[in-house]
Structure formats: C-alpha cells, structure tokens
Number of protein chains: 4
Amino acid sequence: MPKIGMEDFRRKTLIAATLKTIQEKGTIDIRVSDIAGHANVSSALAHHYFGSKSQLIQAALRHLLSDFRLAVLKELKNATTPQEKVISLIDACLADDQFSDEIVSAWLIFYAYSQNSMEARKLLQVYVRRLQSNLRYYLRPLCGHKTEEAAEVVGSLIDGIFIRQALRIEKADANYARTLVKECIQPYLARN
Amino acid sequence: MPKIGMEDFRRKTLIAATLKTIQEKGTIDIRVSDIAGHANVSSALAHHYFGSKSQLIQAALRHLLSDFRLAVLKELKNATTPQEKVISLIDACLADDQFSDEIVSAWLIFYAYSQNSMEARKLLQVYVRRLQSNLRYYLRPLCGHKTEEAAEVVGSLIDGIFIRQALRIEKADANYARTLVKECIQPYLARN
Amino acid sequence: MPKIGMEDFRRKTLIAATLKTIQEKGTIDIRVSDIAGHANVSSALAHHYFGSKSQLIQAALRHLLSDFRLAVLKELKNATTPQEKVISLIDACLADDQFSDEIVSAWLIFYAYSQNSMEARKLLQVYVRRLQSNLRYYLRPLCGHKTEEAAEVVGSLIDGIFIRQALRIEKADANYARTLVKECIQPYLARN
Amino acid sequence: MPKIGMEDFRRKTLIAATLKTIQEKGTIDIRVSDIAGHANVSSALAHHYFGSKSQLIQAALRHLLSDFRLAVLKELKNATTPQEKVISLIDACLADDQFSDEIVSAWLIFYAYSQNSMEARKLLQVYVRRLQSNLRYYLRPLCGHKTEEAAEVVGSLIDGIFIRQALRIEKADANYARTLVKECIQPYLARN
DNA sequence: CATGAATGAGTTTTCATTCAT
DNA sequence: TATGAATGAAAACTCATTCAT
C-alpha cells in the first residue's frame with residue numbers, strides 16, 4: 001500500500017524539521033537523527049530522500065530563501081509607486097514574522113554557513129543581489145545619483161538590524177525597526 | 001625545547017592558530033588537530049593548556065574582542081570633540097585591518113556561534129552594549145532627542161556592512177564603507 | 001543481519017561479554033572494544049545500546065546481583081523450617097557455580113569498584129542489607145538474643161571465604177566452604 | 001646543593017602520597033600526576049625514583065603489607081601463651097587504626113588489584129599464608145584436629161569483616177568486631 | 001636533584017551512512 | 001516505502017613517559 005504523494009510530503013516535513021532543529025540547536029552542526037526525530041521518521045529515511053545530510057541542509061536553505069522571496073513578491077504586488085515599492089521591500093524584509101527569533105537565528109546561521117559551503121554562499125549571494133537590484137531599481141527614480149549609496153545603506157541597515165537582533169535578549173520591535181530604516185533613507189530621497 | 005615561560009607563548013600561538021583555522025575553514029567546526037598543526041604542536045598540548053576544544057575557542061573569541069576593544073580605545077584617544085569621537089568609533093569599527101576577509105569571517109562565525117554558546121553570547125553582548133553605549137554618549141550632544149535612533153542606525157549599519165562583506169567575492173572598500181556611515185548620520189546631526 | 005528484536009539479544013550478549021572481559025582482565029579497567037570483541041560486535045554498538053562504558057558496567061553489575069538474587073530465591077523455595085532456610089542461604093551464597101573463579105573475581109572487583117562509584121556502592125549495599133535481613137529473619141527463632149551476632153558472623157564469613165578464594169591458586173572446595181560456615185554457626189543455634 | 005638523604009625522603013613521601021591518592025579516588029586507577037601533586041613534586045620525579053607507575057604502586061602495596069606486618073609482630077611480642085597469641089593476632093588484624101576507612105579501602109582495592117597484577121597477587125598471597133600459618137601455629141595446642149578449620153574461620157571472618165566494612169556508611173565498631181571473632185572461635189577451643 | 005614542556009599511543013565517544021528485511 | 005541494525009571513520013580527550021635544561 002504505497003501511499004501516493006508520500007515523497008513530497010516527507011520532503012516537506014523533513015525540510016521543516018531541519019529548520020526547526022537548526023533553530024533549536026542554534027547551529028548548523030546538528031544530527032540527522034535529531035532532524036529525523038522532529039519529523040517522526042527514521043534517519044535512514046532522510047538519507048533515502050535527500051542522499052546526504054548536506055543536501056538536506058541545502059534544501060532547507062533553499063526553502064528559507066524561497067519563502068522569503070515569496071513574501072517579498074507578495075508585498076510588492078500591493079505597491080504601485082516607487083515610494084510604495086521601496087516601503088514594501090523594507091516591510092517585507094522586516095516583517096513581523098521574518099523578525100521572529102527562529103527566523104533571525106536561522107538566517108544568521110546560514111550566513112555563517114556560507115563561509116563554509118560554496119553552495120550556500122552562491123544561494124545567499126543570489127538573494128542578496130536580487131534584493132539589492134530590486135532596491136536600486138525602485139530607488140533610482142527617487143534618489144538619482146545617490147541611488148547606489150541609498151541602496152547600500154538600506155540593504156546593510158536591514159542586515160545589521162537582523163544580526164543585532166540575534167544577540168538581544170529582549171523581544172525586538174519590528175515596527176520600530178521598519179520605521180528606523182524608513183526614516184534613515186528620507187534624506188536620500190529628499191536630496192534628489 | 002623545554003624552555004621555561006613557554007606557556008604564555010604557546011597560549012598566544014594556539015589562540016592565533018585557532019582564529020586562523022576558523023577563518024580558513026569558515027566554520028567553528030574545526031579539529032583540534034588542525035589548530036595544533038597551525039601552531040606546530042601536538043593536539044595534546046592544546047588540551048594541556050586549554051582543557052578542551054570549547055575553552056580554546058572561548059579564549060580565541062575573547063582575544064578577538066579584546067583586540068578590537070584596544071583598537072577602539074586607541075582610535076578614541078586621538079579624538080577630542082564629540083564629532084571626532086563619533087568619527088573615531090566608525091573608523092575603528094571599519095578600519096582597514098578589521099575589514100580583512102579573515103576578521104570579517106571570524107566575526108560572522110562568532111556571531112552565529114553565539115546562538116549556540118551562552119558564554120559566547122554573553123561576551124558578544126557585552127561588546128555590543130559597550131560600543132552602543134559609547135556611541136550614544138558621544139552622539140547625545142550632537143543629536144539630542146534623536147540620539148537613540150542615530151546610535152541604532154550607526155551600530156546596525158556597521159554590523160550590516162560587516163555581514164554583507166562576508167558574502168561578497170570582490171574585495172571590499174573599507175574607505176567607502178566608512179564614508180557611507182558618516183554620510184548616513186549627517187542628517188541626525190543636522191537635525192539637532 | 002538486521003533482524004528485529006536484536007536489541008534485547010545484544011544487550012544480553014554485551015552484558016555477558018562485559019562480565020567475561022572483567023573476569024579475564026581481572027579489573028574493571030577494560031576497553032569497550034574488548035567487550036565488543038567478545039560480543040562479536042563493533043564498539044559503536046555497545047555505545048549505541050548503553051550510552052557509555054560506565055553504564056554498560058553498571059548494567060553488568062546489576063545483572064550479576066540479580067542473577068545471584070534469583071539463585072537465592074530459588075534455593076529458599078525448597079526450604080521450609082528456619083533451619084532449612086538458613087542452610088539454603090548459605091548454600092546459595094556458596095553454591096558451586098557462584099564459587100567459580102570468574103564469579104568470585106567479578107564480585108571482588110565490583111566490591112572494590114564500589115569504593116569508586118556511588119551507583120555501584122548503593123547497589124551492593126542493597127544486596128548486602130537484603131541478605132543480612134534474610135539471615136536475621138531466619139536466625140531469630142533459632143538464636144534469640146544472639147541473632148545479631150550470628151547473622152554478622154555468617155555474613156562476614158561468607159564474604160571472607162569469597163575474598164580469600166580470589167587469592168588462591170588451587171581450586172577451591174565449595175563443599176568444604178559450606179560445611180565450614182554451617183559448623184561455625186552451630187554454637188549460636190545451640191545456645192538458644 | 002644536593003640534599004643528603006633526599007632520595008629516601010622522596011620515596012617515602014611518594015609512597016604515602018600513592019596510598020592517600022588510592023584511598024581518595026577509591027581505585028588503583030589513579031594518575032601519576034595526582035600522586036605527585038599530593039607529594040608536592042612533579043610527576044617526572046615520581047618516574048625518576050620509581051621508574052614507572054606500576055612500580056610505584058607495587059612499592060605502596062609492599063609498604064602497606066610491611067606496616068601491617070610490623071603491627072602484628074609488635075602485638076605478638078606482648079603475648080606469651082597460645083591463647084594470648086591468638087588474641088593478639090585478632091587484635092592486630094582488627095586494630096582500631098587498621099580499621100579506618102582509608103586502610104580498609106586500600107586493602108580491598110589491593111585485593112582486587114591482585115586479580116590483575118601477578119606481582120601484587122604474590123605479595124598478598126605471602127601475607128595471607130604467613131598470617132594463616134601463624135594462626136595455625138598458635139591454634140594447634142588449643143584446637144587439636146580442629147586447627148585447620150578454626151584457622152580458616154578466623155582468617156576468613158577477619159577478611160569478611162574487612163570487606164563488609166568497605167561497604168558500610170556508618171562508622172564501624174572495631175571493638176565489637178574483635179569480640180565477635182573471639183567469641184566465634186571459643187567453641188573450637190572448647191572442643192579440644 | 002628537579003621540573004616544565006611536550007607528545008605518542010591509546011581509548012572513549014559520536015554520527016553519517018549503509019543495508020537486509 | 002520505511003526502518004532497525006550495525007559499523008567505519010573520525011575526533012576529542014587522557015596520561016604515562018621522556019627529555020632538555
């Protein structure tokens with residue numbers, strides 16, 4: 001009685017379990033058996049579907065990035081003017097749910113992991129470049145020759161807020177973070 | 001080779017070797033034998049002097065932080081006015097030698113590690129808070145009620161530039177980075 | 001080879017192998033790999049099932065004690081009068097198979113080990129107290145106010161015979177040992 | 001300035017430190033460095049004087065035995081009749097200071113060690129045989145054909161009391177122990 | 001005489017991975 | 001499809017022992 005669509009279900013479950021385990025342990029240095037435990041399957045099954053631990057982790061990273069990408073796209077859809085688009089990007093990056101301890105932690109861990117894994121590095125670079133390119137595209141009509149600078153500031157500021165978040169004990173205020181970034185770019189818009 | 005006073009020398013060498021190994025491998029997940037190899041000693045010696053791998057890594061983190069702290073203090077000494085002090089802080093954080101691939105990589109890796117190790121987390125928190133407190137202190141006469149915001153922006157921006165640096169392939173321009181931050185806070189100063 | 005239900009079999013085999021290794025080496029200071037060798041499995045498997053070397057040794061000790069306990073209970077079943085019960089206890093403690101070099105050696109080693117391991121100490125204390133309590137219970141109707149003394153003598157004598165056995169080269173005579181103890185308590189019975 | 005008689009002093013100190021360490025750790029499985037620490041010297045010195053760890057432990061065992069032998073001889077000197085001699089032997093074996101936790105523990109540990117070390121086994125066998133021979137010698141005029149049995153009972157009882165002592169938590173009563181043994185052999189004397 | 005320095009040789013422990021069922 | 005069973009390979013850690021000074 002082989003269940004139809006089991007493969008798909010198992011892959012999804014295992015990826016979710018991987019992210020959960022990474023967040024729980026606070027490191028990429030986790031055991032396959034722990035992941036499998038979270039997914040309520042044997043660790044042999046994880047190998048069956050993903051071939052190896054590192055491929056499973058790759059898949060989890062890819063999932064995190066694609067999830068984020070979808071959130072950004074969704075947010076962008078509701079915006080029309082460049083101003084709105086920029087605001088949308090900031091809101092998407094610093095959205096309440098992206099700002100949860102778990103997500104922040106996972107991002108940081110993957111960033112560090114990218115120092116180690118060329119594969120991860122490439123994936124993250126694609127994401128950073130795409131976001132940066134979006135930012136520049138929507139900032140250009142607003143900032144003119146300051147565009148490059150403004151994009152760099154916004155992008156870095158967002159990442160910086162993220163990384164700091166990882167160190168804090170107190171609950172972060174996503175709303176304050178968004179405001180901070182928006183205020184910060186005002187001068188670049190004004191100068192145009 | 002048994003000359004007395006070796007202990008101090010070995011400890012320093014081993015700490016340096018640890019940082020080098022972390023940077024080389026791009027992860028905290030390194031072998032004691034690799035560290036020892038870089039220090040040209042047996043791995044048993046590393047255990048002899050530090051007790052365990054994690055204690056050696058702690059020591060390396062502590063060293064990185066204290067090195068950074070000394071650089072900051074040195075830079076601050078040459079500044080007198082609040083403006084100069086703030087500039088000094090930015091310059092120290094984004095100094096050419098702090099901006100090397102190795103250092104950037106080590107910082108990022110330790111940031112991620114802090115998700116895992118309470119000890120590391122505390123050490124990094126102390127550093128972040130101290131820097132932030134310095135920033136606020138010198139920004140206050142310049143920014144008034146915008147101080148909190150300005151300090152947050154500067155601090156986060158610096159961290160963000162750092163983290164992004166870790167993803168880049170092209171050589172970073174430390175000078176451009178410093179200028180970026182300095183320009184970015186101009187509006188906060190002007191508004192006072 | 002992966003047949004289900006192996007776990008129980010392996011645990012038993014590994015415990016037996018542990019006792020055998022202890023007896024062979026004459027010390028508790030044995031290698032997991034030697035134990036595993038006797039059980040024809042990898043040392044990793046020993047860790048898989050028992051977690052650590054000391055837990056495996058604990059389990060072996062527990063097994064030895066429980067085996068002994070069962071032998072005592074079995075012997076007691078065939079006795080009805082207090083006299084018979086006391087004889088049974090002595091016979092059980094100094095039974096031919098308990099008196100083999102391997103068992104004697106293991107007991108002595110565990111006794112010494114109990115100086116080191118609180119866990120082992122507690123287990124052995126329970127056994128000693130239970131046996132002593134049994135002895136007193138059945139001696140009381142026979143010895144009256146001399147019960148305490150008689151129980152102490154029998155218990156100590158048995159242990160002493162055991163410990164001496166460990167030092168001998170010549171094969172011990174279990175039968176002679178049993179007679180010795182039985183004769184020794186006669187006076188305590190008579191005095192009642 | 002080589003100090004005269006240093007060698008002798010160091011050997012004594014190291015042997016004492018060895019016994020102390022064995023008692024403290026409750027096992028023969030101790031570190032040379034711990035012994036050296038107790039003697040306030042470097043572990044290299046222990047090797048200098050004893051060649052190896054096992055030779056140092058041998059020496060400590062030899063010392064324990066010879067100390068005990070001296071105590072027995074001293075006690076025997078004050079006795080004249082066979083009765084007194086037997087009493088002396090019992091008193092010497094169960095003397096207050098031989099009955100201390102440390103001594104009891106050391107004896108037990110050495111007994112177990114003798115399962116492992118042929119050297120230790122031989123030393124202990126010599127001691128047991130000598131004591132047994134003494135016992136028989138003085139018991140013969142008192143017990144006649146029961147001598148063998150009586151000697152076995154006394155010897156084993158003493159060892160048994162010792163081994164049980166090692167398991168107890170409550171402080172033992174050496175006096176009670178001596179009385180117990182003395183009462184126990186009365187019947188053997190009477191029967192003669 | 002004495003030791004700080006150093007290490008080789010082991011031993012435990014961990015885990016991804018394989019495989020028969 | 002799924003897993004219990006098993007292990008090889010690697011890594012941390014320990015410690016007796018050696019040696020130059």
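Heavy atoms only: backbone and side chains are in, while hydrogens, waters and symmetry mates are out.
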If you only use heavy atoms from C-beta on, which nucleotide in [options] is closest to the side chain of [X]?
| X | options | answer |
| --- | --- | --- |
| D:A44 | E:dT3, E:dA6, E:dT14 | E:dT3 |
| D:K53 | F:dA16, E:dT18, F:dT7 | F:dA16 |
| B:V32 | E:dA5, F:dA12, F:dA6 | F:dA12 |
| C:R31 | E:dT7, E:dT11, F:dT3 | E:dT11 |
| B:L45 | E:dA6, F:dT1, F:dC15 | E:dA6 |
| C:Y49 | F:dA2, E:dC1, F:dA6 | F:dA6 |

Exercise for the section: For D:Q23 and D:S105, test the side chains for any donor-to-acceptor distance below 3.5 angstrom and give the result as yes or no. Expected result: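 Judged by distance alone, the side chains do not pair up.
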Handout entry: Check: B:E24/B:T21 side-chain N/O donor and acceptor closer than 3.5 Å
Key = no
Exercise for the section: Before giving the answer on side-chain contact (heavy atoms from CB on, under 4.5 Å), spell out for D:L108 and C:L108 the whole-Å C-alpha distance, their side-chain angles and the decisive distance to 0.1 Å. Expected result: CA-CA 8 Å; D:L108 176 53; C:L108 176 52; 3.8 Å; yes
Exercise for the section: Tell me whether the centres of the aromatic rings in C:Y113 and C:W107 are closer together than 6.0 Å. Expected result: no
At 4.0 Å (heavy atoms only), tell me whether [X] reaches a base, stays on the sugar-phosphate, or touches nothing.
| X | result |
| --- | --- |
| C:I30 | sugar-phosphate |
| A:F9 | nothing |
| C:S52 | sugar-phosphate |

Exercise for the section: Mind listing the residues from residues 13-25 of chain D sitting with a heavy atom below 4.0 Å of DNA chain E? Number order is fine. Expected result: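 Of all residues in residues 13-25 of chain D, none places a heavy atom under 4.0 Å from DNA chain E.
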Handout entry: Which residue lies more 5' along DNA chain F, comparing C:H48 with B:H48 via nearest heavy atoms
Key = C:H48
Exercise for the section: Would you tell me if any nitrogen or oxygen in the side chain of A:R10 comes within less than 4.0 Å of OP1 or OP2 on F:dT1? Expected result: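 No, no such contact exists.
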Handout entry: Below 4.0 Å: OP1/OP2 of F:dC13 and any side-chain N or O of B:H47
Key =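 Answer yes for this pair, as a side-chain N or O of B:H47 is under 4.0 Å from OP1 or OP2.
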Exercise for the section: Look up atom OG1 in C:T13 and atom CG in C:D8, then write down how far apart they are to the nearest 0.5 Å. Expected result: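 Separation between the atoms: 9.5 Å.
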Problem - Separation of D:I35 CD1 from D:T18 OG1 (nearest 0.5 Å) - result: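 Here the rounded value is 4.0 Å.
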Problem - Non-neighbouring partners of B:Y49 that pass ring-ring contact (aromatic ring centres under 6.0 Å, His included), sequence neighbours left out - result: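 None.
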Exercise for the section: Could you walk me through whether C:R62 and C:E119 pass side-chain contact (heavy atoms from CB on, under 4.5 Å), step by step? Expected result: CA-CA 10 Å; C:R62 229 175 244 115; C:E119 197 60 37; 3.8 Å; yes
Problem - Stems where DNA chain E pairs, listed by first number, each of three or more Watson-Crick or G-U pairs under 3.5 Å - result: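 Stem segments, range with range: E:2-21 with F:2-21.
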